[in-house]
Every structure is written in C-alpha cells, then in structure tokens.
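These notes concern the structure reproduced below.
So you know, we letter chains A, B, ... as the sequences are listed, proteins then strands, and number each from 1. Just so it is clear, the structure is predicted and the values come from calculations on it, not from any experiment.
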2 protein chains.
Amino acid sequence: MARIKTTKDESRKDVILTAAAESFRERGYKATSMRDLAEKVGIEAASLYNHIDSKSELLIDICFGITTLMNDFMTSVEESDKTSLEKVETILRFQIKQMVDNFNNNFVANREWLHLENPELGEFRALRHGYRKRLNQIITKGIEDGEIKESINVPATVWLLLHAVYGIESWHRSKVQVDPSVLEDNMITILISGLKK
Amino acid sequence: MARIKTTKDESRKDVILTAAAESFRERGYKATSMRDLAEKVGIEAASLYNHIDSKSELLIDICFGITTLMNDFMTSVEESDKTSLEKVETILRFQIKQMVDNFNNNFVANREWLHLENPELGEFRALRHGYRKRLNQIITKGIEDGEIKESINVPATVWLLLHAVYGIESWHRSKVQVDPSVLEDNMITILISGLKK
DNA sequence: CCTACCGATCGGTAGG
DNA sequence: CCTACCGATCGGTAGG
C-alpha cells in the first residue's frame with residue numbers, strides 16, 4: 001500500500017517535472033511562476049507542494065538529471081577501445097541525439113543552471129568542469145597519436161564542440177525543419193573533418 | 001544649454017546601459033531588479049526613471065544595438081569582392097571579436113532576447129532570421145562555386161557556425177584563460193577547414 | 001487537492 | 001536625484 005502510494009506520487013512528480021522543463025525552456029526559470037506551472041498541470045498552485053518541496057527543487061532535478069546522464073555516457077566511452085577521434089565522434093553523436101530527443105531538459109540544463117543556488121550551484125559547475133576536462137584529455141590523446149591537428153588549442157576546441165552542439169537548442173525552435181539524422185551527420189561531417197589532421 | 005543637458009543625460013543613460021548589460025548577463029533579465037541595478041549605478045531605484053522609461057527599454061536597446069551592428073557588417077561583407085569562403089571567414093572573425101570585446105551585450109542579445117515583448121520581440125526575430133538567411137545565401141554560393149563541401153545541409157550549417165561562436169560567451173566566464181587571437185584562429189581553423197571542399 | 005492567506009519583493013509613480 | 005508609497009505578483013504555508 002505504501003508502495004502504491006509512492007509510485008503514484010512519483011508519476012505525479014514526473015508530470016510536474018515535464019511541465020516545468022517545458023515552461024523553463026519557453027519562458028525561463030525566473031519568469032515561470034508556480035501558478036503558471038500549476039495551470040499547465042491542471043491543479044492549483046498550492047497543490048504542487050504535495051509533490052515537491054520548492055520551485056528550486058525542480059531546477060535541481062532537471063539540471064542534475066542531464067549532467068549525470070552525460071557523465072555516465074562519458075565513462076562508457078572512455079572505457080571503450082575506440083580511437084580518440086572515434087571517441088569524440090561518439091560523444092558528439094550522443095549529445096546531439098540527447099538534444100533532439102530530450103530538448104527541454106537539455107536546454108534548461110545548458111541555459112538556466114545559473115539560477116541554481118549553493119551548494120547545488122557549486123556541485124553542478126564541478127560536474128560540468130569535470131566533463132569538459134575528460135573531453136579535453138581525449139582530444140589531447142588524439143593529438144599525441146597523430147589523429148588530430150596538433151595546431152589546435154585544446155580548451156578552446158572543447159568549448160567550440162560543445163557549444164556547436166548546444167546550438168541545436170535554438171535550431172529545434174525554428175520553423176526550418178531538418179531531419180534529426182541529417183542534422184547529426186552534418187555536424188559530424190564539419191566538426192570531425194575540421195579536427196582531423 | 002539644451003545641448004549640454006542632452007549630452008549629460010545620454011552619458012548617464014550609457015552608464016545605466018553598461019551596468020544593465022553586466023547584470024542581465026550575470027543574473028538574467030528577470031532576476032535583475034531595478035533596485036539591484038540602481039545600487040550598481042550608485043543611485044536610488046526611483047532615480048533610474050529620470051533616464052529611462054522602463055526596464056524593458058534597457059533590454060530593447062541592448063538587443064537591437066547588437067543586431068544592428070551585425071547586420072551592418074553583413075552588408076559590408078556582401079558588397080566586398082571576397083570569395084564566399086572568405087566572406088564566411090570574415091563574418092566569423094567579426095562575430096568572434098565582438099563576442100570577446102563586447103561580451104555582456106552580446107551575451108544578453110543572444111540569451112535574454114526571449115524576454116522582449118511584442119512588437120519588439122517580432123522585430124528582433126525578423127532581424128535575426130534575415131541575418132541567418134544572408135549567411136545561408138553566401139554558403140549556398142560557395143557550394144555552387146565548388147569552394148565548400150556540397151554534402152552539407154546549409155541551414156543546419158548556419159546554426160552550427162553561429163552557435164559555435166556564441167559559445168564564446170561561456171568560455172569567457174571560465175577560469176582557463178586563452179588569448180583572444182588564439183581563440184579566434186582556433187575557431188577559424190576548425191570551422192573553415194570543416195567547410196572546405 | 002482546495003480555499004484562504006502571508007510576508008516579501010517587484011516595476012513604477014507622485015511630489016518635491 | 002530622493003523619500004514615500006502603490007498595486008500586482010511572487011513562492012510558499014495553514015488548515016481542512
């Protein structure tokens with residue numbers, strides 16, 4: 001019985017989280033009121049607090065859900081026996097797919113995280129920094145192995161790659177529709193051939 | 001006398017605009033209160049309204065200032081006798097320089113414009129759309145002339161290029177310092193060699 | 001899950 | 001440029 005109750009609560013919270021991700025993406029975290037969110041879910045604002053503790057909890061769940069997913073995937077790629085350039089390609093393809101399939105959550109994690117507060121803000125920054133550092137190491141290895149242009153600046157390249165991918169956020173909103181797989185192949189073509197020695 | 005008064009008012013407004021751009025970048029438009037802004041300028045919140053009409057006016061001035069600059073530069077490049085690939089490179093270098101030299105204003109124009117309201121919101125979107133369309137035409141010409149890979153999807157490529165550049169926003173905030181000219185050359189190396197046939 | 005409500009803060013105005 | 005203040009809205013709570 002307690003089990004069923006828990007399940008019910010969790011699925012209700014998921015509905016709230018999904019609505020929150022869409023609202024935060026469309027209007028931004030600060031401009032989304034709990035009354036807006038409640039209306040979207042179909043209940044009164046006060047009723048939201050039976051499922052969550054605070055507005056900030058929603059942002060925390062969204063941001064950490066995405067970064068955890070990204071870091072876990074990074075680990076699986078590091079442990080694979082691909083070449084460095086293949087690793088970069090695999091990571092970029094995963095990020096692009098995530099951006100297309102889970103647009104709202106990724107947008108919020110990329111653009112609204114600055115509204116987190118400590119200690120979560122610090123933890124989030126550390127997670128993202130660790131992620132970039134690991135991508136940095138893969139690219140550095142690729143240069144040592146003669147796979148990647150030795151003339152590039154590695155930290156600047158990491159930024160370029162990640163933000164080229166984050167750009168799909170805005171792309172997704174536009175009216176010009178492109179098939180996601182075309183989009184993915186196009187990004188890989190340009191970025192990987194740009195990196196290749 | 002009227003002249004002097006106007007000049008004084010304008011320079012005071014410039015101080016407010018500069019402070020606003022920094023605050024909107026750091027905390028976001030919605031999270032920045034007029035009391036925060038007033039404190040930064042060194043006056044009371046009510047006194048701000050002797051120089052501006054509303055909070056939204058500040059966002060409008062910042063966003064349209066940047067897009068006007070970008071569109072004017074685009075015009076000068078279109079009228080030049082460079083090859084298409086050279087035009088793309090020139091535009092990217094200008095955008096990168098702008099992002100480094102005028103970081104706060106560019107960040108706000110790229111990330112906080114969604115808090116504009118109609119009619120300015122519609123006008124701003126139209127300006128940005130026109131800019132992308134013109135870049136699209138340059139790249140299309142480059143493919144026709146055999147300078148640029150014919151395998152790329154042009155709209156998706158425009159998004160990739162612009163967002164790779166917008167990424168400098170976040171880069172600028174990071175602790176890893178890289179010389180701006182190294183950053184610029186690095187981005188050009190990867191993106192232009194990725195485009196080249 | 002709702003009604004009723006709280007204290008805090010918001011953008012902005014009146015009047016000097 | 002300031003003091004004093006307004007109505008609206010915010011996130012969140014009490015109590016049922």
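- The side chain of B:Ser33 contributes no N or O atom lying less than 4.0 Å from OP1 or OP2 of C:dT9.
- The backbone N or O of B:Asp53 sits less than 3.5 Å from a side-chain atom of B:Glu57, completing a donor-acceptor pair.
- When Watson-Crick and G-U wobble pairs are counted only if both distances are under 3.5 Å, D:dG7 pairs with C:dC10.
- The distance from atom NZ of B:Lys55 to atom C1' of C:dT13 is 17 Å, rounded to the nearest whole Å.
- A donor-acceptor contact under 3.5 angstrom links the side chains of A:Ser193 and B:Lys149, judged on distance only.
- Nearest nucleotide to the B:Ser47 side chain, out of C:dA14, D:dT13, D:dC1: D:dC1.
- Separating the CD atom of B:Glu39 from the P atom of D:dC2 is a distance of 12 Å, rounded to the nearest angstrom.
- No side-chain N or O of A:Lys55 forms a donor-acceptor pair with one of A:Thr32 less than 3.5 Å apart.
- Closest approach to the B:Asn50 side chain among D:dC2, C:dC2, D:dC1 is made by D:dC1 (side chain taken as heavy atoms from C-beta onward).
- Closest to the A:Arg12 side chain, of the nucleotides D:dG12, D:dC1, C:dC1, is C:dC1.
- Residue A:Tyr49 contributes atom OH, which lies 15 Å from atom C1' of C:dC2 at whole-angstrom precision.
- Atom P of nucleotide D:dC10 and atom NZ of B:Lys30 are separated by 9 Å, given to the nearest angstrom.
- Here the P atom of nucleotide C:dT3 and the CZ atom of A:Arg35 are 13 Å apart, to the nearest Å.
- Counting to the nearest Å, the P atom of D:dG11 and the CD atom of A:Glu117 are 13 Å from each other.
- Pair assignment for D:dG15 gives C:dC2, based on Watson-Crick or G-U wobble hydrogen-bonding distances that are each under 3.5 Å.
- Closest to the side chain of B:Ile43, from the set C:dA14, D:dC1, C:dA4, is D:dC1.
- Using a 4.0 Å heavy-atom criterion, one finds that B:Ser56 contacts no nucleic acid atom at all.
- Annotation: B:Lys141, atom NZ; neighbour count of heavy atoms from other residues, nucleotides and ligands within 6.0 Å does not exceed 12.
- Atom P of nucleotide C:dG12 and atom CD1 of B:Ile16 are separated by 13 Å, given to the nearest angstrom.
- For the residue pair A:Arg128 and A:Asn110, a side-chain donor N or O sits within less than 3.5 Å of a side-chain acceptor on the partner.
- In this structure, CZ of B:Arg27 is placed 10 Å from P of C:dC10, rounded to the nearest angstrom.
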